[in-house]
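Predicted model only: the values in this text are computed from it and were never measured. Counting convention: from 1, in listed order, for ligands and their atoms alike.
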Amino acid sequence: MSDILPTKVLFVCLGNICRSPTAHGVFEHMVAEQGLSDRIEVDSCGTGHWHVGKAPDRRSTAKASKRGYRMDHLRARQFEPADYDRFDYILAMDKQNLADILGHRPSHYAGKLGLFLDYAEGVTHDEVPDPYYGGANGFNHVLDLVEWACEGLLADIVNARPAQ
Ligand code: 4NP
């Protein structure tokens, strides 16, 4: 048992049914694989309210499942300003998502707030493109970017707080 508080990570997109639940499922998987589930907590949300309570988009779930990630336990929720009190990392999928939550940021917020792909070293994109209105390739592209950024994010968290 660890006596240190877990690091809490929140992924944010627009609907919380495609990109941020994909990041949620992939990161949860990596954290568990590294035996760090008691040290890192993962959540996701959307800036919009339209899909609150819904399971992730089936296209996202199907592509993720082919790579061994589970997302079917996730349900959409909307971002709330109190999330700033709960999370050490708040990572947006695109610049609009980031702009939408920046306005609620309390001046005392000391966590890491920014674009998720800032953690994807060597990747030229700075945003995870919204796949909702596109074809199947978009969902695989989201997974590629998410996997890349999750690796960098995990390294950042572990380096910031090495095991005792
Ligand atoms: P997400 O994708 O932000 O990655 O969950 C979207 C899901 C739904 C909508 C837009 C984007 N929508 O307009 O309903």
Chemist: Under 6.0 Å between ring centres, would you say that holds for Y89 and F27?
Modeler: no

Chemist: Under a 3.5 Å threshold, yes or no: a donor from one side chain and an acceptor from the other, between R39 and T7?
Modeler: no

Chemist: As an exercise, identify every atom of ligand 1 less than 4.0 angstrom from a heavy atom of L14.
Modeler: 3 (O), 10 (C), 11 (C)

Chemist: If you have a sec, work out which protein heavy atom is nearest atom 11 (C) of ligand 1 and how many Å separate them, to one decimal?
Modeler: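 Looking only at protein heavy atoms, the one closest to atom 11 (C) of ligand 1 is D130 OD2, 3.0 Å.
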
Chemist: Which protein heavy atom lies closest to atom 8 (C) of ligand 1, and at what distance to 0.1 Å?
Modeler: H51 NE2, 3.4 Å

Chemist: Just let me know how N16 lines up against ligand 1, side chain, backbone, both or neither, with a heavy-atom cut-off below 4.0 Å.
Modeler: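 Looking at N16 and ligand 1, just backbone atoms fall under 4.0 Å.
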
Chemist: How about CD on E121, more than 12 heavy atoms from neighbouring residues, nucleotides or ligands closer than 6.0 Å, or not?
Modeler: no

Chemist: For ligand 1 and P131, I'd like to know whether there is a polar contact (N/O to N/O, distance under 3.5 Å).
Modeler: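 P131 vs ligand 1: no N/O contact under 3.5 Å.
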
Chemist: Please determine, by modelled atom types, if H73 and E28 share a side-chain donor-acceptor pair under 3.5 angstrom.
Modeler: yes

Chemist: How far apart are the closest heavy atoms of S44 and H24, and which atoms are they?
Modeler: OG-ND1, 2.9 Å

Chemist: Is a donor from one side chain sitting under 3.5 angstrom from an acceptor on the other, for D94 and N97?
Modeler: yes

Chemist: Considering only protein heavy atoms, which is closest to atom 9 (C) of ligand 1, and at what distance to one decimal place?
Modeler: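 Ranking protein heavy atoms by distance from atom 9 (C) of ligand 1, first comes Y132 CD2, 3.6 Å.
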
Chemist: May I ask whether M93 has any heavy atom positioned less than 4.0 angstrom from an atom of ligand 1?
Modeler: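 The answer is no, since M93 has no heavy atom less than 4.0 Å from ligand 1.
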
Chemist: Counting heavy atoms only, which part of Y133 comes closer than 4.0 Å to ligand 1: side chain, backbone, both or neither?
Modeler: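 For Y133, only side-chain atoms sit under 4.0 Å from ligand 1.
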
Chemist: Under 4.0 Å from a heavy atom of I17: which atoms of ligand 1 are those, numbered in the order shown and with their elements?
Modeler: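 So the answer, numbered in order with elements, is 5 (O), 7 (C), 8 (C).
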
Chemist: Which atoms of ligand 1 are found less than 4.0 Å from any heavy atom of C18?
Modeler: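 Reading through ligand 1 atom by atom, the close ones are 1 (P), 2 (O), 4 (O), 5 (O).
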
Chemist: Where is the tightest heavy-atom contact between P129 and R19, given as atom of each residue plus distance?
Modeler: O-CD, 3.5 Å

Chemist: Is there a path from M30 to M93 through hydrophobic residues (I, L, V, M, F, W, Y) whose side chains come within less than 4.5 Å of each other?
Modeler: yes

Chemist: Do any nitrogen or oxygen atoms of R19 come within less than 3.5 Å of a nitrogen or oxygen of ligand 1?
Modeler: yes

Chemist: For ligand 1, which atoms, with element, lie under 4.0 Å from some heavy atom of G15?
Modeler: 1 (P), 3 (O), 5 (O)

